[in-house]
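Report on the structure given below.
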Amino acid sequence: MFSRAMQGSSSIFEPQETRATALKIDGVELRLIRLPLLEPFETSFGKIDSRLIFLVCLQAGGLQGWGEVVASEEPLYSYETVRTALHVIEDFFGPALLTEPIKDLDDLARRLSPFRGHNMAKAGLELAYMDLLARMNQQSLSALIGGERERVAVGVSLGIQPTLSKLLQRVEKYLSLGYQRIKLKIKPGWDIDVVDEVRRRHTDILLSVDANSAYTLEDRDHLKKLDDFDLLMIEQPLQNDDLVDHARLQKLMNTPLCLDESIISERHARMALDLESCRIINIKVGRVGGYSQVLGIHDLCVSRQVPVWCGGMLESGIGRAHNIALASLKGFTLPGDISASSRYFERDIITPGVVVDGDGTVAVPGGPGLGFEVDLNFIERRTETRVHISR
Ligand code: OSB
Ligand code: MG
């Protein structure tokens, strides 16, 4: 499937020639850097006020490719953590990349496939590899994966706030900045009344909610009340491994359910659609293990006319730039959780940072690879842990 996606090329070189060459990786560099968040982010899992960012840099032929492992410090959204990812990459995945040259993305995915799980760690390597490949081909990452958009539509994900009035202020603020869709984090005790207040004030906006697995099917009557607010979708109301109960809930509700945590592979996407567990899918490249899976999920959803959108994990600019490239694929018809860098960080690790224009879109860069300058000096100063893997 990947070779099909790669046909639309804007390379100034002879594409076949560069691509036929297997990539010999000289080294894998892992870094942990801490970036404070401008304001705390609270979900049904808890609250964080800084982000320990895990960067992966692959080195080959004098070029570098950058990726990000989106795992959190605690195993809440997923069982993976920054430290489990560091462990599996250092001890297993990194060495597997160095044994012999990498032929293509499928070859890379095949080398990692014997290892069970740890999708975010695998994705960090696939992301870095694809940035590197795009740079070698002198093409943008978007062009490399077959992206078709020059701009992508974005929405904002608003964490649980200390008070309703604070939330209402936030909603106003991001609408005035142009964001095309507002997503509210909900949990028991911060749901129906909150959504009611927001909808009452903003009758026409695209509005959705994300429960991050905070409910069970026992809550069906309560969740059913959300049907009154003309929501674009309800994201991940039930448990991460419960496709069957999601299908039961979807049958009872008019509002489309969207799955996030539940979709950890192309296989899971297929099962969810076959079971009718959801009508929309949130695609996060980290959650599914990288580009090798994400492109298949995208194509599957396009073929079944299921809308997809790009989720976020409070990424630094490097992960954010990958998300922008991903969202340029044609199936991404709904606004993604791709906020401006300035929404989360005082200073991002790419220059210039990601900018959301007044019409609620972000430009897809046309330069090689990620299309942003990686601020190595700033990264260096912020590095708390550094691991180098070489042959
Ligand atoms: O469920 O989509 C989620 C952030 C961390 C973990 C999970 C989620 C989120 C978000 C934030 O909603 C989206 C963003 O990066 O802006
Ligand atoms: Mg979510």
Side-chain angles (χ1 to χ4, degrees), residues 35 37-54 68-82 119-120 123 152-161 167 170 173-174 177 179-187 190-191 207-215 231-240 246 256-264 272 278 280-288 308-324 326-327 334-345 348 353-354 356 360 362:
L35 295 181
L37 293 176
L38 286 170
E39 50 186 60
F41 191 80
E42 183 173 348
T43 68
S44 62
F45 296 129
K47 192 159 137 178
I48 57 165
D49 47 29
S50 72
R51 192 75 173 88
L52 187 60
I53 298 288
F54 187 148
E68 179 168 342
V69 175
V70 298
S72 312
E73 287 172 79
E74 299 175 296
L76 299 170
Y77 170 85
S78 146
Y79 63 83
E80 290 188 82
T81 69
V82 168
N119 283 349
M120 295 177 185
V152 300
V154 303
V156 71
S157 170
L158 296 180
I160 292 161
Q161 303 291 320
L167 176 69
R170 290 284 180 282
K173 173 180 170 181
Y174 289 101
L177 290 171
Y179 286 85
Q180 295 188 20
R181 177 270 288 143
I182 299 284
K183 164 171 135 182
L184 306 175
K185 291 289 188 177
I186 58 166
K187 66 176 182 181
W190 181 269
D191 51 19
L207 184 62
S208 69
V209 295
D210 184 358
N212 287 114
S213 302
Y215 301 88
L231 298 176
L232 183 60
M233 70 189 88
I234 301 169
E235 185 177 341
Q236 199 70 37
L238 312 178
Q239 286 306 291
N240 65 303
H246 275 107
L257 299 186
C258 167
L259 291 178
D260 173 354
E261 285 91 324
S262 294
I263 308 299
I264 53 171
C278 64
I280 298 176
I281 289 183
N282 164 332
I283 295 190
K284 289 181 183 169
V285 67
R287 196 191 62 223
V288 302
V308 304
W309 55 283
C310 182
M313 291 291 290
L314 312 176
E315 292 90 346
S316 78
I318 289 179
R320 220 162 273 276
H322 279 282
N323 287 345
I324 294 167
L326 187 59
L334 293 170
D337 277 346
I338 305 175
S339 294
S341 298
S342 61
R343 190 239 163 156
Y344 287 121
F345 309 113
D348 204 341
V354 172
V356 174
V362 170

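Order of appearance sets the numbers: ligands from 1, and atoms from 1 within every ligand.
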| said: Side chains of L167 and L184, heavy atoms from C-beta outward: is any pair under 4.5 Å? | reply: yes
Margin query: Any salt bridge linking D337 with R320? Criterion: basic side-chain nitrogen under 4.0 Å from a carboxylate oxygen.
Written below: no
shortest atom 9 (C) of ligand 1-to-protein heavy-atom contact is with G312 O, 3.5 Å
Side chains of F45 and S72, heavy atoms from C-beta outward: is any pair under 4.5 Å? no
- request: Output yes if D337 passes the N/O/S-under-2.8 Å test against the Mg ion (ligand 2); output no otherwise.
  value: no
Within the 4.0 Å heavy-atom cut-off, what Q236 brings close to ligand 1 is neither
Checking heavy atoms under 4.0 Å, the part of K183 that sits near ligand 1 is side chain
*Answer yes or no: are there more than 12 heavy-atom neighbours, outside E39 itself, under 6.0 Å from its atom CD?*
yes
Can you tell if the side chain of I283 reaches within under 4.5 Å of the side chain of C310, non-hydrogen atoms only? no
For D260, the N, O or S atom at the shortest distance from the Mg ion (ligand 2) is OD2
message = Using 2.8 Å as the threshold, say whether any N, O or S atom from E235 sits that close to the Mg ion (ligand 2).
response = yes
Among non-hydrogen protein atoms, atom 16 (O) of ligand 1 lies closest to Y344 OH, 2.6 Å
Closest to atom 7 (C) of ligand 1 (heavy atoms only, candidates R343, R320, K284, E315) is K284
State whether E235 and K183 are salt-bridged, where the test is any N-O pair (Lys NZ or Arg NE/NH1/NH2 against Asp/Glu carboxylate O) under 4.0 Å. yes
Within the 4.0 Å heavy-atom cut-off, what D260 brings close to ligand 1 is side chain
min-distance protein heavy atom vs atom 15 (O) of ligand 1 -> L314 N, 2.8 Å
When distances are taken from atom 6 (C) of ligand 1, the protein heavy atom at minimum range is M313 SD, 3.6 Å
Between the SG atom in C258 and the CD1 atom in I234, the distance rounded to the nearest 0.5 Å is 10.5 Å
Looking at D210, the N, O or S atom sitting nearest the Mg ion (ligand 2) is OD2
Compute both the distance and the angle, then confirm whether R343 meets the cation-pi test with Y174: under 6.0 Å from the six-membered ring centre, within 45 degrees of the axis. yes
Any heavy atom of N212 under 4.0 Å from ligand 1? The part involved is side chain
